Structure formats: structure tokens, C-alpha cells
Amino acid sequence: MKHKLSIFQSIQFKIPILFILMLIMALQLISANFIRQLENQTIENFESQLDLRYEFFKSNIESIVLSDQTQAKKEEAIYQVLQDSNTTDNVSITVIDRQGYILGTNDQTKQGSVGTKSTDLGVQQASLINSNVATYQYVDETHHNRQMRLIGPVGLGENRVPEAVIVIDGDVESQYDQVQSIALIFLNASLVAIAITMVVAILISRGITKPIADMYEQTEKISEGNYSGSVKIYGEDELGQLGEAINLLSVKIRDAQESSESERQRLDSVLRHMSDGVMATDRRGRIVIVNDAALDLLNCTEEDVLGESILEVLSFPKTHSFRILLANQEQKIITMNDSVIKCDFSVIQRDSGFISGLICVLSDITEQEKIEEERRSFVSNVSHELRTPLTSIRSYTEALRDGAWQDKDVAPEFLSVIQTETNRMIRMISDLLNLSRMDQEKMALEKEFVNMNDLFNHILNRFDQIIKDEAYRTRNYTIIRDFTQTDLWVEVDQDKITQVIDNILNNAIKYSPDGGQITCRLMETHDSILISISDQGMGVPRRAIPKLFDRFYRVDKARSRAMGGTGLGLAISKEVVELHGGKIWVVSAENEGSTFFVSLPYVPFEESGEFE
């Protein structure tokens, strides 16, 4: 987000200020040195002019002062010399003898003081003892101007005492005024230079800040994911090269972003369509990525797991740390929502060895565990089912071998038991082979259109004959038929459907009490036929109903085995019905009887042989 800068924070302000400060400092140093040197040079020049005048008058007046002329003659001669060299540059020249009397002056307003004694104590002292030229400045009490005075001896005697002195007073204030005027001109020129420098600095700063502002806006767009613009190149200088670099960087970032986005979409697609759940964590074990399959397995939402510790989500013990999980990468089996989930872990590690997280793959192995449990149960059941008859056969065989075969009363009974158990094992193995072929989808159905009314009646007629047999006559069973009047033609494998109905009827007869009724119904729905067989037997406990069609499952193992059942009849019936695209189920209440239902696909069939 762009932050608005104040005028004092902007380079557009700082660059002109920097230029101006540098210029002011330079001008300050130059002006101080220049004005001082100018002032010194001007004053020295003025002093040199006074020295020249002093030398000029000294050469002309010295002969007059040293002559034997009277005082009046000397004053007249000096007056003439001063008048001949009179100037208009405000320089006052006065000649004073060593007694302090004024011998002459070029100032017309002071001609009345000639011949009088000078009242200036400094001049009087200089006329007596000064043998050298003395120059100094003072302030005129009348006009309050700075004056420069030169006092020089004239006519030095043997004792180095001058006969007279020449006093030259010059108005040095004008020299200072000239220096001040020049300084003022320099100041004005400096102000103009500062103004021009400010304008140039502003233009230069704008020339610098405009490309920088463009680069800033472009980098802001890049940070927001907009790579469409480009920086305008204003020149071939360093800023231009920087602008070209930013444009190139924008293109490369766009390409990298597109590549990264493409990879991310592919990864998301892979994760989304994976049947296995996937979770990824950061280096502290917090979940940062989770796919839908993992959420379904864990029965939670994305908000529930993102940012949470994987140890808590997968219900690890509190003593288990993420560091231990990284070190061991152990496999974990968890049970959640009646599902068995296998968790495989893999460390995310860079080439440098830095561990940045962990990948956890969740696999639903509920079916595998169920199959494995069924396999173990199947092996156990088969072993148990085979062991009982084989034990009986071995026992009776050993008894016969030990001499029981010679007993005419016992031997036939033993052989009958051996034959019964052998037939039972043969039936069981035959049933197992049929189930195996069904599992491997190697059993082919020989379908044909069968009138289910006639087929069901034929099966029941056969069971009516069985019930009349000596073995069942004492139990007095009754089979009740409740069929639809419509002939139902169904495309089925007649032998296998007969086997299904036989299995159910056999169970109904076995587990029904004496004098019980077995009700058989044949009905039609809009897309199927429904066969139901009800008995008045002991029924099936509710807990046993889900397992009733499992292989080798018996509700009452002792009674079932005593009646010669193998525990595979209902399992085979279920497989046969499902091969026909139908369903089989049971409704039962303990001690109230059971009703088995068989539903088979049905398409109404007319006599013309055409389907409706």
C-alpha cells in the first residue's frame, strides 16, 4: 500500500535543499575570503597612495625646511608647493615644524591656522620624536568618518630628529563604502545564483524522482500481482538501466508466478482427486495443507484442522512430541468414525538438510482390515469346520481298525457316521469352491426367461413331499402360499435361484417349531419381483442380523452343526442374488420368527414377446 510522503520527506525537496545549502556554504566561504581580501587590498592601495604623496611632498618640501629662509618665506614656499599639487580627492596635507607650528596646508578652509601651533597632541609628539613614517586610522569627530593619517618626517638631522613632519589625512570611509558596494553586488549575485540553483535543482530532482516514482508504482503493481504495466525509460543513464531491470524483473516474476500458479493448480488438482488423504505441516507441526479426502476421513472441516497440531488432530499421546515423529517417521493406525486409517509420514527436507515440515498420507484401510479379519475368520472357521468331521472320522476309523469292524451291530453305525461326515465335508468344500468362483467372477450365469410362479410352486411342491417324509411327519409343518395372480417372467439362472430358495426353505424348516407355519409370498413391484419366506422359529437376535450372511456365521453354532449345516448357505444365496443384480435381506425378532426377502430385477413381458 502506497504511503503518502510529506514535502519534507520527499527527495524532490531534499535535493534542492542540499544544492542550496552547498551553494550557500560555498558562497559564504568565498564571500568571506573575497571581501576580506578586497578590503585589505583596497586599504593597502589607499595607504600606498598616501605614501606616494608623502614621498612627493617630502622631496619638494625638505629643501625648504632645511633652508635658512625666514619663517614667512618658508610658509610661502610651502604654500606654493601645496597649491601646485592640490587634488580633489579629499586628502588634507599639513606641514608642521618640530616646534609644532603649522607651516602650510592645502585645505583652503584652514589657511588661517598657518603659523599657529597645532593643537593635535598626536601630531605634536610625532613632530618631536618620530623619525619614521607612521600610518593609522581614526574617526573624525566632526563628520564621524573613518580617516587614515600618515605622519612622515622631513629633514632628519644628525640626531634623527626631523625638522618638520608632513601630516596627510585621507578619507578612508569611501574605500570602505566601495568595498561594501562590491559586497552588496556579490550578495545580489549570490541570491540570483541561489534562485537559479533552486530552479535547476528542482528540475534535476524532478528528473530523478519522476522515474523513481514510476518504478515505485510498478513495483507496487508487481507486489499486488499486476504484471501488465512497465516502467517508462527516460534515458540511458543508471535510472534508465534500473527501469529496464525492473521491467525485466516484472516479466520474470510474471513467468515464475504463472509457472508457480500452474504447479499449484496441478498440485491442488492432484490433492483434490487423490483417494488418499494428504496433510502437510510446517516445521513446528502445524497443519498448513489438507485435501478433501483427509477431511472426509477425519470427518472435520478445513477450519477445524488448519493451524492445529498434527499430533492433536491424529490423537497422538500427550507424551509424543513432534520431534520424535520427525525422527522416527513411524506409521500409525488410528480408528476414527468406525473407519480404520493408516497414517504414513514423510519429512519435507531441503538439500541443505533443513527440515521444513512433514507430509502425512492418510489411507482408509477399513475394507482391507475387514477383508483381513474375514480371511483370518475364514481360515479359523474352515479349520474348525473341517476339524470336527475329521476328528469324528479319525475316531471311528481308529475304532474300526482296532476291531470294531467285526461287530455287526457297531460297524454299520460307525460307517454311517463316517459317510455322513464325509458328505458334509464334500458339501462344504463344494460350497467353498462355488463361493471362490463367485468371488473371482468366474461363475457364469445361464440365464433364461422363467415363469417365477411355476418355479416357486415347483420348489414348494417338492418341499411338501419332503415334509410328508417320515423324518418331518411328526413335526406337522404347514407351507402357506400367497402368490400374485399375474405370471411373472424373469430372466434368471433357474438352477441357482432354485438353490437360493432351497437354502432359505431348509433353514425355515430346520428352525421352525413343531406345527409351525411357513408362509411363502410372490409379489410384483414396479421394477422388481419380491419373494418372501416367513417362519415361526426362534428368530435372529438384532446384533446377529448384520452378520447373518457372512460365511460360516451361525447364530446357534451347536444346533446348526447338529443339524448338519455348513454355515455357507446364506452366504452363497447372497452372492447368487447379487450376481443377478438383486438384493436379499432378513427381518427378524428373537423368539418371533424370521422373514427372508429376495428382490430380483423385473421387466414386464407381454405374450407378443416385446417388452413394455
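Side chains are part of it too, since the values below use all heavy atoms of this structure and drop only hydrogens, waters and symmetry mates. This one's a predicted model, so the numbers in the text were calculated from it and none came from an experiment. Residues take their numbers from the sequence shown, with the count starting at 1.
With hydrogens and angles disregarded, no donor-acceptor distance shorter than 3.5 Å links the side chain of Ser250 to the backbone of Ile246. The backbone N or O of Leu311 lies less than 3.5 Å from a partner atom in the side chain of Ser309, making a donor-acceptor pair. The backbone N or O of Val492 sits nowhere less than 3.5 Å from a side-chain atom of His580 that would complete a donor-acceptor pair. Between the side chain of Ser262 and the backbone N or O of Glu258, no donor-acceptor pair lies under 3.5 Å. A donor-acceptor pair under 3.5 Å is formed between the side chain of Asn453 and the backbone N or O of Thr486. In terms of modelled atom types and a separation under 3.5 Å, the side chain of Thr422 and the main chain of Ile418 share a donor-acceptor contact. Side-chain atoms of Thr519 never come within 3.5 Å of backbone atoms of Ile480 as a donor-acceptor pair (strictly under, hydrogens ignored). Judged by distance alone, with hydrogens and angles left aside, the side-chain atoms of Asp535 form a donor-acceptor pair with the main-chain N or O of Ser594 at under 3.5 Å. A donor-acceptor pair is defined here as one N or O able to donate and one able to accept, closer than 3.5 Å; no such pair exists between the side chain of Asp276 and the backbone of Asp364.
Contact annotation: the side chain of Asn507 never approaches that of Ile533 to less than 4.5 Å [non-hydrogen atoms, C-beta and beyond]. The side-chain heavy atoms of Gln494 and Thr498, taken from C-beta on, include a pair separated by under 4.5 Å. For the pair Met279 and Leu298, the minimum side-chain heavy-atom distance is below 4.5 Å. Counting heavy atoms from C-beta on, the side chains of Leu295 and Val290 come closer than 4.5 Å. Looking only at side-chain heavy atoms (C-beta outward), Tyr602 and Glu524 come within less than 4.5 Å of each other.
Contact detail for Met523 and Leu488: the closest heavy-atom pair is O-CD1, 3.9 Å. Scanning both residues, Val340 and Thr366, for their nearest heavy atoms gives N-OG1, 2.8 Å. In plain terms, the two heavy atoms of Asp502 and Phe463 that are nearest each other are OD1-CE1, 3.2 Å. When all heavy atoms of Pro601 and Val490 are compared, the closest pair comes out as O-CG1, 3.5 Å. Residues Gly537 and Pro513 share a closest heavy-atom pair of CA-CD, 3.8 Å. Smallest separation of non-hydrogen atoms from Leu297 and Ile341: O-CD1, 3.6 Å.
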* **Trp489/Phe449 under ring-ring contact (aromatic ring centres under 6.0 Å, His included): CA gap, chis, key distance, verdict** => CA-CA 6 Å; Trp489 291 84; Phe449 280 101; 7.7 Å; no
| task | Starting from the C-alpha separation in whole Å, work towards a yes-or-no answer on side chain to side chain contact (heavy atoms under 4.5 Å, CB included) for Leu522 and Asp482. | result | CA-CA 6 Å; Leu522 178 62; Asp482 183 8; over 6 Å; no
Subject >> Trace of the side chain to side chain contact (heavy atoms under 4.5 Å, CB included) decision for Leu314 with Cys343 >> reply: CA-CA 9 Å; Leu314 297 181; Cys343 306; 4.2 Å; yes
In sequence, state the C-alpha distance, the side-chain angles, and the governing distance for Asn457 and Leu455, and then conclude on side chain to side chain contact (heavy atoms under 4.5 Å, CB included). CA-CA 5 Å; Asn457 270 316; Leu455 178 62; over 6 Å; no
Would Ile545 and Val587 satisfy side chain to side chain contact (heavy atoms under 4.5 Å, CB included), going step by step from the backbone distance to the final call?
CA-CA 8 Å; Ile545 289 177; Val587 175; over 6 Å; no
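Heavy-atom contacts from other residues, nucleotides or ligands closer than 6.0 Å to CD of Glu244 number more than 12. Counted within 6.0 Å of NZ on Lys447, heavy atoms from surrounding residues, nucleotides or ligands total more than 12; the atom is thus considered enclosed. Counting non-hydrogen atoms of other residues, nucleotides and ligands closer than 6.0 Å to CD of Glu446 gives a total of 12 or fewer.
Using a cut-off of 4.0 Å between Lys/Arg side-chain N and Asp/Glu carboxylate O, Asp464 and Arg481 are scored as salt-bridged.
Between the side chains of Thr301 and Asp304, at least one donor N or O lies within less than 3.5 Å of an accepting N or O. With no hydrogens or angles considered, a side-chain donor-acceptor pair links Thr525 and Ser528 at under 3.5 Å.
The aromatic rings of Phe549 and Phe596 stand perpendicular to each other, their planes meeting at an angle above 60°, with 30° marking the opposite boundary.
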